[in-house]
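What follows is a short report on a single structure.
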Amino acid sequence: MFYDKSEKYLQESPPIEALNLQSYEEVIGHKKLEKLKQLAAPLENKVWAHVNSTYIGGGVAEMLKSLVPLAKGFGIDAQWHLFEAHSEDFFYITKKFHDLIQGVEQPFSVEELHGVYIDNSIKNFENYSVTADLTVVHDPQPCATSVFGNYEGPKLWRCHIDTTSANKLIWNFLLPFINHYDGAIFTDERFVKQGVKKPVYRVAPSIDPLSPKNRQLSEQEARQILAPLFNKHNIDGDRPIVLAVSRYDIHKNQATIIKAFKEIKNDKEVQNKKPILIIVGNTASDDPDGLAMYGQIMEDRENDTDIFLLMNIENNDENIGALMRIANQFVHISTKEGFGLVVTEALWQGTPVIGSNVGGIPQQVIDNETGFLVEPFEIDQIKQKMKYLLLHPDESKHIGKQAMEHVRENFLLPSLLEKYLLLMRHYTGVDSNHPHFKIG
Ligand code: UDP
């Protein structure tokens with residue numbers, strides 16, 4: 001459950017140790033590390049606060065868990081404040097917001113907006129304040145705290161969601177709160193909607209190359225990690241693997257992956273390669289849609305023994321990294337996607353991605369270079385790319401290498417930190433100009 005009655009008030013996360021930067025030098029190189037040190041030097045001991053609504057689970061928490069210690073490693077006083085639910089309704093309502101912002105229509109009431117959502121913001125700050133040289137508030141859950149919270153110092157709102165088809169009423173409801181920040185950060189230009197009157201920055205999320213999931217593995221290491229999982233599910237890991245990993249969710253479009261795979265595996269040329277499809281997914285215990293979706297996908301599978309649907313796997317992080325390492329291809333054809341960290345993770349393990357041309361995916365999947373871009377329901381296009389990669393494993397590896405470099409250059413945690421350092425420098429007056437990634 002998101003809601004934990006023992007944690008009712010905004011609070012600081014458990015203490016977080018500074019990271020030893022030496023380990024990063026091996027991944028990003030001496031030059032980049034020195035550049036970061038230079039940028040960070042005038043920010044020493046400055047307070048950089050984050051506010052978000054969960055310490056465990058979800059992409060934002062994953063990122064903060066790595067970003068905060070990394071910033072501390074550079075001498076910045078990075079803090080993480082947790083925004084808590086005061087009633088069980090709160091996260092159900094913000095999940096609704098999340099869906100409405102992603103274009104899934106459903107009814108909502110004034111009581112939900114004002115009675116629960118706003119009330120929760122007020123209660124979180126009843127006996128609390130956040131004083132920082134820069135505060136970053138993540139996602140819609142604590143968005144209204146720009147007005148109802150107690151902040152001292154400049155603050156930015158960071159939106160991690162694909163807002164292209166956001167429900168107009170919800171967006172207009174959020175706008176005054178967004179405009180009460182000193183700026184807003186979006187993952188993609190296309191997500192910025194009309195009415196935002198403060199500076200807007202484009203910042204992509206990133207992955208931590210040193211986390212157990214993203215540690216780069218040799219093929220042998222990966223196979224060793226996977227042996228118990230493959231045994232348990234009777235998977236022949238020597239067969240070419242078409243892999244998909246995501247929550248079981250309507251937007252993740254797993255049904256189309258299954259459909260395309262079923263058709264392609266019987267293709268004359270593909271048949272003797274004997275590919276298998278592995279779909280790994282998880283669902284939060286308080287997300288009834290997830291379980292229903294898993295049931296639906298199970299039905300779509302129709303007892304096809306070349307398709308493995310795994311749910312909440314053990315040793316999750318290491319197994320996912322290892323699967324991504326040995327897969328022939330990774331397929332991620334969501335219909336909506338804020339960024340798609342799974343895509344980053346797969347590319348980083350050197351596996352080409354067949355990705356849909358939506359949300360943040362095209363920043364990562366460069367057509368013919370790091371993978372292939374397709375339309376989410378264009379089944380012939382998807383089949384064609386699946387077939388190509390299955391028939392050309394060497395080309396798949398070549399594309400995978402380019403994919404890895406694309407991530408190294410753009411989507412590793414130090415690149416994200418660099419952008420935040422530039423923002424901190426601007427908002428603390430070290431640099432008068434806005435950083436180069438200001439887009440509005
Ligand atoms: N994930 C996982 N186990 C699963 C399914 C997903 O660890 O069974 C992770 C995945 O590796 C990624 C995150 O959950 O780090 C999903 O982030 P993404 O941005 O792709 O999608 P979201 O779930 O935020 O829409």
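Residue numbers count from 1 along this sequence.
- Ion pairing between Lys213 and Glu62 fails under the 4.0 Å rule for side-chain N and carboxylate O.
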Could you check Asn124 against Ser121 for side-chain hydrogen bond (donor to acceptor under 3.5 Å, both in side chains), going step by step and ending with a plain yes or no? CA-CA 5 Å; Asn124 263 278; Ser121 299; over 6 Å; no
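- By the 4.5 Å heavy-atom criterion applied to side chains, Thr256 and Phe377 are counted as neighbours.
- Between Ser211 and Lys65, the side chains place no donor N or O within less than 3.5 Å of an acceptor N or O (distance only, hydrogens not considered).
- The distance from atom CD1 of Ile382 to atom CD1 of Ile257, rounded to the nearest 0.5 Å, is 8.0 Å.
- Inspection of the His81 and Gln79 side chains reveals an N or O donor paired with an N or O acceptor under 3.5 Å.
- Evaluation of the side chain to side chain contact (heavy atoms under 4.5 Å, CB included) rule for Arg223 yields Glu219, Asp238, Ile326 as partners, not counting sequence neighbours.
- Checking Ser66 against Asp208 by side-chain atom types alone, a donor-acceptor pair falls below 3.5 Å.
- Under a 3.5 Å cut-off, the side chain of Asn253 and the backbone N or O of Ile333 do form a donor-acceptor pair.
- By the 4.0 Å N-to-carboxylate-O rule, Glu17 lies too far from Lys72 to be salt-bridged with it.
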Please step through side-chain hydrogen bond (donor to acceptor under 3.5 Å, both in side chains) for the pair Ser87 and Asp89, ending with a clear verdict. CA-CA 5 Å; Ser87 73; Asp89 293 345; 4.6 Å; no
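- In this view, Gln194 satisfies the side-chain hydrogen bond (donor to acceptor under 3.5 Å, both in side chains) rule with no residue, not counting sequence neighbours.
- The aromatic rings of Tyr420 and Trp48 sit tilted relative to each other, their planes meeting at an angle between 30° and 60°.
- Contact check for Glu345 versus Val342: side-chain heavy atoms found under the 4.5 Å cut-off.
- A salt bridge between Glu405 and Arg408 is present, with a side-chain N of the basic residue lying under 4.0 Å from a carboxylate O of the acidic one.
- Partners of Thr131 according to the side-chain hydrogen bond (donor to acceptor under 3.5 Å, both in side chains) rule, which considers only residues two or more places apart in sequence or in another chain, do not exist here.
- For the pair Ile297/Leu309, a side-chain contact is recorded, criterion being any heavy-atom separation below 4.5 Å from C-beta on.
- Not counting sequence neighbours, the partners of Thr94 by the side chain to side chain contact (heavy atoms under 4.5 Å, CB included) test are Phe90, Phe91, Tyr117, Gln141.
- Between Phe108 and Phe97, the gap from one ring centroid to the other reaches at least 6.0 Å.
- Counting heavy atoms from C-beta outward, Leu423 and Ile185 have side chains that approach closer than 4.5 Å.
- Atoms CD and NZ, from Gln329 and Lys387 in turn, are 13.0 Å apart once rounded to the nearest 0.5 Å.
- The shortest side-chain heavy-atom distance between Lys336 and Val358 does not fall under the 4.5 Å cut-off.
- With a 6.0 Å radius and a threshold of 12 heavy atoms from other residues, nucleotides or ligands, Lys401 has its NZ atom at or below the threshold.
- Taken from CD in Gln38 to CZ in Phe74, the straight-line distance is 11.5 Å, to the nearest 0.5 Å.
- Put simply, the side chain of Leu210 does not reach to within 4.5 Å of the side chain of Arg215, judged on heavy atoms.
- A donor-acceptor distance shorter than 3.5 angstrom exists from the side chain of Lys193 to the backbone of Thr163, with no hydrogens or angles considered.
- Between His160 and His138, the side chains place a donor N or O and an acceptor N or O closer than 3.5 Å (distance only, hydrogens not considered).
- Here the side chain of Asp133 pairs a donor or acceptor atom with the backbone of Val47 at under 3.5 angstrom.
- Residues passing the side chain to side chain contact (heavy atoms under 4.5 Å, CB included) test with Ser218, sequence neighbours excluded: Gln220, Glu221.
- Looking at heavy atoms from C-beta onward, Asn167 lies out of side-chain contact with Gln102 at the 4.5 angstrom threshold.
- Side-chain rings of Tyr248 and Tyr294 approach one another, their centers coming within less than 6.0 Å.
- Pairs passing the side-chain hydrogen bond (donor to acceptor under 3.5 Å, both in side chains) check and including a residue from residues 172-185, sequence neighbours excluded, do not occur.
- Ion pair Glu25/Lys32 not flagged as a salt bridge, since none of the NZ, NE, NH1 or NH2 atoms sits closer than 4.0 Å to an Asp/Glu carboxylate oxygen.
- For the residue pair Trp80 / Asn52, a side-chain donor-acceptor distance below 3.5 Å is found, with atom types taken as modelled.
- Here Asn282 contributes atom CG and Ile320 contributes atom CD1; the two are 7.0 Å apart, rounded to the nearest 0.5 Å.
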Could you check Thr145 against Lys155 for side-chain hydrogen bond (donor to acceptor under 3.5 Å, both in side chains), going step by step and ending with a plain yes or no? CA-CA 11 Å; Thr145 61; Lys155 53 193 182 303; over 6 Å; no
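- Residues Leu412 and Val27 meet the side-chain proximity criterion, which asks for heavy atoms closer than 4.5 Å.
- Under the rule for a side chain to side chain contact (heavy atoms under 4.5 Å, CB included), the partners of Lys385 that lie at least two apart in sequence or sit in another chain are Ile354, Phe372, Val374.
- Sorted pairs that involve residues 346-359 and meet side-chain hydrogen bond (donor to acceptor under 3.5 Å, both in side chains), not counting sequence neighbours, are lacking altogether.
- Between Tyr201 and His434, the ring planes lie tilted relative to each other; the angle falls in the 30° to 60° range.
- A donor-acceptor contact under 3.5 angstrom links the side chains of Gln254 and Ser246, judged on distance only.
- His406 places a side-chain N or O within donor-acceptor distance of the main-chain N or O of Gln363, the cut-off being under 3.5 Å.
- Applying the side-chain hydrogen bond (donor to acceptor under 3.5 Å, both in side chains) test to Arg325 and every residue at least two apart in sequence or in another chain returns nothing.
- Between the Lys438 side chain and the Gly440 main chain, a donor and an acceptor come within less than 3.5 Å of each other.
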Distance-only donor-acceptor hits, side chain of residues 389-398, under 3.5 Å, sequence neighbours excluded:
residue : atom : partner : partner atom : Å
His392  : ND1  : Tyr388  : O            : 2.8
Ser396  : OG   : Asn328  : O            : 2.8
His398  : NE2  : Gln402  : OE1          : 3.2

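- For His251, there are no ring-ring contact (aromatic ring centres under 6.0 Å, His included) partners, not counting sequence neighbours.
- Remark: Ser23 engages no residue in a side-chain hydrogen bond (donor to acceptor under 3.5 Å, both in side chains) (not counting sequence neighbours).
- Using a cut-off of 4.0 Å between Lys/Arg side-chain N and Asp/Glu carboxylate O, Lys37 and Glu34 are scored as salt-bridged.
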Before giving the answer on salt bridge (Lys or Arg N to Asp or Glu O under 4.0 Å), spell out for Lys252 and Glu337 the whole-Å C-alpha distance, their side-chain angles and the decisive distance to 0.1 Å. CA-CA 8 Å; Lys252 302 296 180 182; Glu337 195 61 80; 2.9 Å; yes
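- Ring planes of Phe330 and His332: parallel class, angle under 30° (limits at 30 and 60°).
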Gln364 vs Thr344, side-chain hydrogen bond (donor to acceptor under 3.5 Å, both in side chains): CA-CA, chis, key distance, verdict: CA-CA 7 Å; Gln364 309 188 65; Thr344 332; 2.7 Å; yes
